[in-house]
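The block underneath contains the structure these notes are about, expressed in structure tokens.
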Amino acid sequence: MEGWVIAIIKVVFIWVWVLLIATVMTWVERRGAAMMQDRLGPNRAGPFGLFQPLADGIKLFTKEEVLPKKAHKVLWNLGPLLFALPAFSAYAVVPFGDKIILGGKEIILQVSDVNIGFLYVLAIGSLAVYGIVLGGWGSNNKFSILGGLRSTAQLISYEVPLGLALLAVVFVYGSFSLRDIALAQQGTFLGFLPNWGVFKQPLGFILYMVAIYAEANRVPFDLPEAESEIVAGYHTEYGSMELGLYLFGEYVNLVTLSTLVVVLYFGAWHIPYIDISKFLGPVSWGIVSFLILYLKVAFFLWLFVWVRWTIPRFRYDQVMGLGWKALIPLALFNLFITALFIQLSA
Amino acid sequence: MNQDPVSQVDQERLGELVTINIGPSHPAMHGTLRVITVTDGETIVKAEPEIGYLHRGVEKLGENLTYHQFIPITDRLNYCSAIPNNVSYEMAVEKLMGIEVPEKAQLIRVIMMELARIADHEVCVGILGVDLGAFTPFFYLIIQREEIYEIFEWYNGARLTNTFGRIGGVDADLPDDFEERWRELKPNLRKANEETEKLLTHNRIWMDRTIGVSAFSPEDALNWGFTGPCLRACGVKRDLRKDEPYCMYDQFDFNIPVGEHGDVFDRYKVRMIEMEESIKIIDQAYKLYKEMPADAPLKARVPKVIKPPAGEVYSALESPNGELGFFVRSDGSDKAYRIRIRPPCYMIYQAFNDLVKGGMVADLIACISSLNVVAGELDR
Amino acid sequence: MEDLRERVEKCLGPKGLVVAMTECRGDLSVEVPKARLLDVMHLLKDTPDLEFDFLSDVFGVDNLAFYEKQKPKKKPEGEETEVKKEKGPPPPRFEVIYLLLSLKRTERLQVKVRVAEDDMEVDSVTSIWKAATWPEREAFDMFGLRFKGHPNLKRLLMWDEFPAYPLRKDYPLEGRGEERHLVYGE
């Protein structure tokens with residue numbers, strides 16, 4: 001019984017927390033863009049325009065839902081749902097802190113520490129493409145279909161290097177559980193380097209970073225919704241909260257992917273050279289580990305914004321070329337080298 | 001309306017091709033352009049521009065308005081830079097009447113036209129960036145364009161539709177603090193251009209997206225009637241400011257940038273360099289202007305009601321987009337008998353199919369932005 | 001270097017290709033017989049002394065009102081004399097004007113053909129300059145001039161079903177209330 005209650009509390013907590021980050025993220029994106037572009041950005045609603053996402057949410061919720069005349073009703077409605085759902089569910093196995101001891105009971109800060117967490121994340125992540133392609137197809141609009149098709153090809157192509165890069169991490173830490181990997185990154189190796197994934201898998205990290213930009217449909221890989229080419233891609237015809245789900249799902253995806261970067265490559269809640277958990281009580285360490293983790297996540301979220309407003313967009317064939325001709329061979333090479341090292345050092 | 005463009009392409013491949021209608025309301029179709037594309041996947045088999053969505057009968061209006069009344073109409077041609085339109089029209093009427101414009105007025109025209117050229121190129125380059133996904137340079141440039149518009153506004157009260165000058169000269173002298181404003185503006189313009197170059201020119205993605213895209217040979221370009229930056233990008237060194245000097249342009253020292261392949265990158269680069277050259281021209285023109293006596297005439301003696309003698313002339317100048325010409329025929333009355341406008345992008349845009357065929361949809365967007373097609377002057 | 005006028009005269013004159021030649025403020029304009037238009041254009045383009053290799057623009061002019069207005073009036077006091085044919089049948093209603101440019105010499109020349117209302121067909125110059133593609137379409141759109149050999153002669157600025165030719169002088173400025181009704185396929 002108690003386990004159930006704790007699990008539900010964790011689910012609700014992480015749900016609200018991720019939503020909150022995604023909401024704030026929309027604000028950060030707009031203010032960040034404005035900062036880079038010598039303008040002000042939204043600054044009317046609340047202090048520094050902080051309530052702008054709230055206003056946007058109210059706007060999206062109260063807008064009329066318009067169904068195109070010739071759209072496929074079922075697929076049309078299914079699209080945004082199938083997109084947003086995996087985005088939220090993926091967080092189930094992602095740790096959001098070390099552990100906390102409350103009333104003598106040890107609670108790990110993760111909804112569920114399944115030992116195939118890795119596969120779960122990959123599997124759920126690749127489900128999102130259905131939302132995009134169904135939405136694009138159901139809209140009965142050529143731009144939407146183009147967007148949907150671009151997205152399908154892109155996501156499938158970039159899942160391969162993503163998976164291969166992650167596989168190398170699994171080789172290094174010998175576990176599929178995200179918590180085990182996070183724990184293993186404490187301490188140092190070779191005497192001075194933090195035991196972080198990024199130092200053990202530098203190439204893998206770069207591959208992973210490139211692949212998640214493609215997975216998240218962010219610049220320079222935002223072809224599925226390239227505004228100047230295909231209007232808005234798969235969500236051209238959507239309005240009101242259905243559009244809101246697409247946009248929101250995207251930000252949730254960003255949060256998930258950034259958290260994964262931190263957990264896999266940037267030592268999760270560890271700080272190099274110091275083990276803070278020794279100086280803190282069990283409760284405060286839980287909170288501090290949570291904060292450290294999300295401080296790192298914030299940096300990667302900001303990186304998304306930074307990149308988005310700095311560089312142009314690829315062309316479709318260039319995206320495919322990069323994926324298949326550069327990233328996949330590199331990922332295979334990385335895998336091979338990793339395996340070789342492990343074999344030799346064993 | 002028309003027969004389906006697919007059927008004109010290839011009967012056997014009917015099932016494989018898709019017609020995509022881009023525009024007239026589409027984020028990348030500046031104004032109201034429309035291209036009906038036939039695509040094979042994302043590759044363009046045929047692209048047929050369809051124009052006329054902004055047709056306001058400007059030429060017909062010219063036949064029904066007096067010569068001075070028509071000047072505000074010319075603002076609405078290339079609305080990104082109205083001043084060269086005004087001046088081109090005024091020059092045509094002046095030529096028809098045999099009026100010599102005072103030098104001081106000519107210098108003011110040069111200064112304003114070059115400012116307009118910078119503004120126009122800034123919009124074009126900025127939009128090209130936006131259409132290729134690079135949003136930020138657009139703002140750097142558009143802020144500076146706004147500063148230029150401030151100067152226009154402060155000179156004649158309007159930002160966009162300037163109605164600059166009158167037949168026979170200009171109506172007002174440059175305000176006293178022009179020098180100060182220009183001194184403030186100049187480094188900002190250069191800085192904006194520099195930052196844009198930093199963000200774009202050597203960016204690998206930018207290069208991949210622009211180099212070799214919609215390349216055009218100089219022979220083809222001339223055959224299609226290209227002028228302006230698009231022709232110069234193809235490697236033809238032709239600029240009316242040098243070849244058929246007007247408005248004292250022969251007294252200024254400036255270079256004409258020339259591209260090599262006529263692709264999107266060359267057009268972008270030519271425009272970037274031209275902005276710098278324009279800054280130089282303004283400096284020189286202002287220096288000459290300063291040497292003029294303060295009470296030098298700004299306007300030739302022109303009758304109150306303009307009634308040019310019967311005849312017909314064609315006069316052209318180098319607008320930001322290329323050769324902008326006005327053909328004016330007069331029958332001796334106070335209204336033109338026929339006004340024909342030769343908009344530069346009209347000639348360029350008709351080659352659109354040849355420019356984009358075989359490319360991808362994304363290239364089409366890059367191409368259309370780099371040509372700087374302005375619906376106002378295209379449709380008239 | 002001879003005067004442009006003499007050179008054009010020397011090139012076209014002996015072949016009987018010049019109907020009239022006028023000059024206004026330095027703009028030379030040569031009227032040529034309609035039937036021989038393509039020959040003239042080829043000659044102007046290929047003669048080494050002229051080399052008008054760039055077509056700047058093509059457009060039509062409707063002379064309806066011009067002649068109506070000119071008849072009762074005295075000659076305007078301008079120094080240039082307008083081509084006016086007092087005797088013989090009334091001059092053809094339409095003109096097509098080609099603006100040529102020699103890139104090498106930076107000289108401009110206007111070539112004119114007159115088109116009668118009962119024979120609106122003119123040879124298309126698109127085979128020589130592709131630049132004429134849209135301007136010729138526009139002339140067709142605005143005046144109803146038909147260009148023989150044009151690859152795609154249909155309306156350019158007005159919609160396809162537009163019933164009139166709006167730049168003709170007998171078309172009112174405010175239009176005749178034409179509306180476009182689009183029928184979307186159901």
Side-chain angles (χ1 to χ4, degrees), chain A residues 29-30 32-41 136 140-154 210 213-214 217-233 235-236 305-322 325-326, chain B residues 18-23 25-30 36-37 39 41-43 126-144 146 188 191-192 195 198-213 264 268 359-366 368-369:
Chain A
E29 173 118 84
R30 296 171 69 177
M35 200 182 88
M36 287 179 208
Q37 295 166 350
D38 286 357
R39 56 193 178 91
L40 289 172
N140 192 18
N141 174 323
K142 282 169 184 164
F143 293 120
S144 300
I145 293 177
L146 266 184
L149 292 179
R150 279 179 174 194
S151 175
T152 320
Q154 179 181 316
V210 175
Y213 276 78
N217 290 339
R218 292 286 293 197
V219 168
F221 300 100
D222 64 336
L223 296 110
E225 44 194 295
E227 185 192 303
S228 55
E229 292 155 29
I230 48 173
V231 190
H235 58 63
T236 303
V305 176
W306 197 352
V307 168
R308 171 157 179 188
W309 302 109
T310 308
I311 53 178
R313 177 188 304 130
F314 276 115
R315 199 171 62 203
Y316 186 61
D317 55 331
Q318 291 162 352
V319 168
M320 289 293 125
L322 181 71
K325 290 183 200 150
Chain B
V18 182
T19 312
I20 301 178
N21 173 37
I22 304 179
S25 72
H26 180 281
M29 294 291 140
H30 317 283
I36 302 167
T37 49
T39 58
E42 288 228 8
T43 312
I127 296 280
L128 178 62
V130 170
D131 284 349
L132 294 186
F135 218 89
T136 305
F138 174 73
F139 284 95
Y140 295 161
L141 294 170
I142 220 78
I143 289 167
Q144 298 315 319
E146 204 51 46
N188 289 346
K191 194 170 163 236
E195 282 181 348
K198 270 188 207 158
L199 273 169
L200 300 180
T201 310
H202 294 295
N203 185 322
R204 183 57 204 258
I205 301 176
W206 179 263
M207 286 160 83
D208 279 352
R209 283 299 305 275
T210 55
I211 291 178
V213 172
V264 176
Y268 152 77
M360 307 193 78
V361 177
D363 294 340
L364 180 146
I365 305 299
I368 208 167
S369 326

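Chain A is the first sequence line, chain B the second, and so forth, proteins listed ahead of strands; every chain is numbered from 1.
Contact annotation for B:N203: only side-chain heavy atoms (C-beta onward) come within less than 4.5 Å of a heavy atom of chain A. Of the two parts of A:Q318, only the side chain, counted from C-beta on, holds a non-hydrogen atom closer than 4.5 Å to a non-hydrogen atom of chain B. Within the 4.5 angstrom heavy-atom criterion, atoms from both the backbone and the side chain of A:R315 approach chain B. Both the backbone and the side chain of A:F314 come within contact range of chain B, each with at least one heavy atom under 4.5 Å from a heavy atom of that chain.
Heavy atoms only, all atoms of each residue included: B:L200 and B:A134 are closest at CD2-CB, 3.8 Å.
Using a 4.5 Å heavy-atom cutoff, the side chains of A:E29 and A:W309 are in contact.
Looking only at heavy-atom pairs under 4.5 Å with chain A, the residue among B:A362, B:S369, B:A366, B:P137 that has the most is B:A362. Contact count against chain A (heavy-atom pairs under 4.5 Å) is highest for B:T136 among B:N21, B:T136, B:I142.
Proximity of a side-chain donor or acceptor of B:D363 to a complementary backbone N or O of B:M360 within less than 3.5 Å is detected. Panel note: side chain A:R39, backbone B:I143; no donor-acceptor pair is recorded below 3.5 Å.
The aromatic rings of B:H26 and A:F143 are tilted relative to each other, their planes meeting at an angle between 30° and 60°.
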